[in-house]
Amino acid sequence: MTLLSVKDLHVSVDGKQILNGINLEIGEGEIHAVMGPNGSGKSTLSYVLSGREGYTVTKGEILFKGENVLEMEPNERAGAGIYLAFQYPVEIPGVSNLTFLKTAVNAVRNARGQEELDAINFLKYAREKGQILEMKDELLKRPVNVGFSGGEKKRNEIFQMAMLEPTLAILDETDSGLDIDALRIVSEGVNKLRSTERSMIVITHYQRLLDHIVPDFVHVLAQGKFVAEGGKELALELEKDGYAKFGIEDGAPQAA
Amino acid sequence: MSRNDKTAPYVESFEEISKTLPGAWLADTRSNAIRQFEAEGFPTPRTEAWKYTNLNRLTRAGFNIAGISGVSGASEWSELVIDGADTIVIVNGSYDASASKKGAVPIGVSIAPLSEAIERKEPSLEGRLTKIAPTHGAPLVALNTAFMREGVVLKLGDDIKLEQPIQVIHFVEASDTRLSVHPRTLLVAGENSSATFIETFVGSAGSVYWTNAVTEIEVGCGASILHVKRQAESLEGFHTALTQAKLDRNARYHSVSLTTGASISRNEVRVSFNGEGAEALMAGGTLLRGRQHADNTTQIEHTVPHTSSNQIFRNVLDGAAHSVFQGGVMVRQDAQKTDSSQSNHNILLSSGAQADTKPELQIFADDVKCAHGATVGDLDETALFYLQSRGIPARRAKALLIEAFIAEISDALSTGAVRDHVVDAVSAWMEDLG
């Protein structure tokens with residue numbers, strides 16, 4: 001069954017056209033990789049799906065579980081099951097990770113008609129999910145992402161994903177800024193969260209992440225459009241031949 | 001209206017009622033003060049210290065000096081009573097004995113209504129009352145000195161550690177006559193004593209009145225005072241207040257204020273150091289909406305070596321509200337090793353809001369640390385989206401960010417009823433957030 005259906009999506013930011021007709025169908029439990037060079041529109045796609053302000057849909061539609069996503073506030077989308085793991089997780093001084101997560105988990109549970117968790121049950125739940133990501137308890141007490149290393153921030157993103165149990169997770173360059181060990185922990189965490197009821201969009205510049213999180217489909221994004229689509233072998237081709245094969249200039253440095 | 005037109009009604013009132021004011025021994029002090037008020041007039045933006053606060057609306061309104069009033073049945077202040085505190089309730093400028101609640105105080109502590117302390121001519125008043133806060137160049141202090149009738153005198157003997165907080169509630173009830181009240185508070189902390197003192201200003205909703213308060217504080221050697229001020233006046237009311245604290249050697253004075261009330265308010269805190277090793281913290285949070293105007297002005301005088309002061313002011317402004325912060329620090333030539341810092345951060349929730357911030361540092365010593373910083377900005381849009389993307393509705397997300405922003409103020413308070421007093425006020429303000 002189709003979970004997400006994006007049809008002929010055109011998006012502009014500050015009057016500048018960024019996405020020029022994206023079509024994307026995602027079924028339940030599928031993992032789709034979206035690859036593309038810098039400036040191809042990858043982050044715009046993730047933001048427009050999650051509802052960030054300033055991204056104007058000039059044409060096309062997005063249906064999630066058959067409902068028009070564009071009419072929903074970002075928090076309503078989260079309640080419906082869409083989750084974005086940020087490329088640059090935001091630091092929020094003064095708000096503890098615990099308060100933040102408890103507010104978020106209960107808001108989402110509320111939206112899904114589930115009972116809110118009290119303090120004790122919430123802690124139990126957080127510890128249980130924290131194990132998946134090898135989260136230290138201490139990180140829960142600290143302000144959201146403040147003083148976290150790059151790896152801890154990304155781990156925190158996947159931890160939140162585990163807590164909020166989305167049906168569609170968008171991972172926006174989750175591999176950027178991670179060393180090998182951090183990449184392993186994060187991608188193992190993601191793999192543990194794979195299930196037949198959870199689909200994912202894995203946005204990345206490089207093949208590296210896809211060695212760990214193996215996609216069912218790969219889409220190559222350039223200048224706001226998918227220019228090639230295929231199975232996981234497409235990612236390997238890209239790794240070997242670079243984006244140039246698709247007539248795309250890539251100014252970004254190659255992965256080490 | 002000329003200056004005289006504005007001051008004349010107060011001068012006339014003084015002539016009428018001065019004989020009914022407590023303490024014949026204060027008669028000269030009072031009449032000198034009213035003459036000084038008359039000569040200096042109301043402060044105007046022409047003086048640097050009042051650059052951003054215009055009292056025109058206050059001076060035009062015309063207020064009557066509150067006389068002695070009867071016992072009030074109103075209880076709008078009751079939800080602001082701090083659990084476990086001794087409370088002194090002052091209604092329309094008169095002491096309300098039946099509403100006040102005093103437990104047994106330890107030997108060496110005295111708490112008395114100002115009028116009684118004046119009539120008894122308590123020794124602790126000598127050299128302190130009207131002396132700690134001078135009237136020169138401070139016409140509103142002068143006006144208070146002329147008319148002061150009620151307030152509290154709290155005296156802590158040496159080595160007294162007062163466990164229960166002392167709370168003074170100043171309540172003004174709606175009335176047809178526009179009242180002005182001039183409460184005066186004196187706190188004298190003996191050597192190595194400590195106490196928590198809370199002043200709560202509140203008025204019945206919609207009433208138009210003017211509170212013009214003066215609080216004088218003397219913190220003895222090694223003593224420690226936490227002074228909390230909650231300004232929750234009626235949104236149509238006016239509030240002007242000056243607190244002057246004098247710190248002796250190794251004394252500690254922490255002042256935490258939260259401002260949400262009044263149409264126009266001015267909260268001025270002055271601290272002077274008379275002994276080495278003393279330390280002052282001034283933390284202030286201001287939450288305004290509509291057309292409210294609030295001014296926090298400080299003046300810290302570092303006169304002796306090895307003292308420190310820290311100022312933390314956080315303002316959140318909605319609607320067409322206007323906040324002012326003027327942070328004055330004076331480091332005299334002898335005040336080497338002074339450690340002083342101040343920060344004022346402002347969040348504007350609407351395009352109509354305005355924040356003025358002005359650090360005023362004058363440094364005449366050469367071996368000191370003095371830091372200051374100020375920012376004015378919107379609520380962080382990226383943080384707001386981040387919270388929303390986790391399912392948190394916009395209103396709740398905003399409230400979380402504002403609470404976090406203002407939390408630095410309540411962080412100056414240890415956990416307990418006093419901290420709740422401040423934190424609950426922030427939450428209550430947030431409930432009406434658009």
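Just so it is clear, the model here is predicted, and its values are computed rather than measured.
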Over 12 foreign heavy atoms within 6.0 Å of [atom1], [X]:
X	atom1	result
A:E53	CD	no
A:D118	CG	yes
B:E381	CD	yes
A:H10	NE2	yes
A:F148	CZ	yes
B:K369	NZ	no
A:R112	CZ	yes
A:N68	CG	yes

Indicate yes or no: at least one non-hydrogen side-chain atom of [X] is less than 4.5 angstrom from one of [Y].
X	Y	answer
A:N145	B:Y386	yes
B:D380	A:I92	no
B:T382	A:R52	yes
A:T99	B:L400	yes

Using heavy-atom distances under 4.5 Å, tell me whether A:F100 contacts chain B through its side chain, its backbone, both, or neither.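 Contact with chain B: backbone and side chain both.
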
Between atom [atom1] of [X] and atom [atom2] of [Y], what is the distance when rounded to the nearest 0.5 Å?
X	Y	atom1	atom2	result
A:Q160	B:R390	CD	CZ	4.5 Å
B:R396	A:T103	CZ	OG1	5.0 Å
A:F86	B:S389	CZ	OG	4.0 Å

Non-hydrogen atoms of B:F385 and A:G51 that approach each other most closely: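 Reported closest heavy-atom pair: CE1-C, 3.7 Å.
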
Heavy-atom contact with chain A under 4.5 Å, split by part of B:A383: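 For B:A383, the contact with chain A is made by backbone and side chain together.
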
Pick from B:A404, B:G391, B:P393 with the largest number of heavy-atom pairs that fall under 4.5 Å of chain A: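 Ranked by contacts with chain A, first place is B:G391.
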
Pick from A:P93, A:P166, A:P74 with the largest number of heavy-atom pairs that fall under 4.5 Å of chain B: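 Ranked by heavy-atom pairs under 4.5 Å with chain B, first place is A:P74.
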
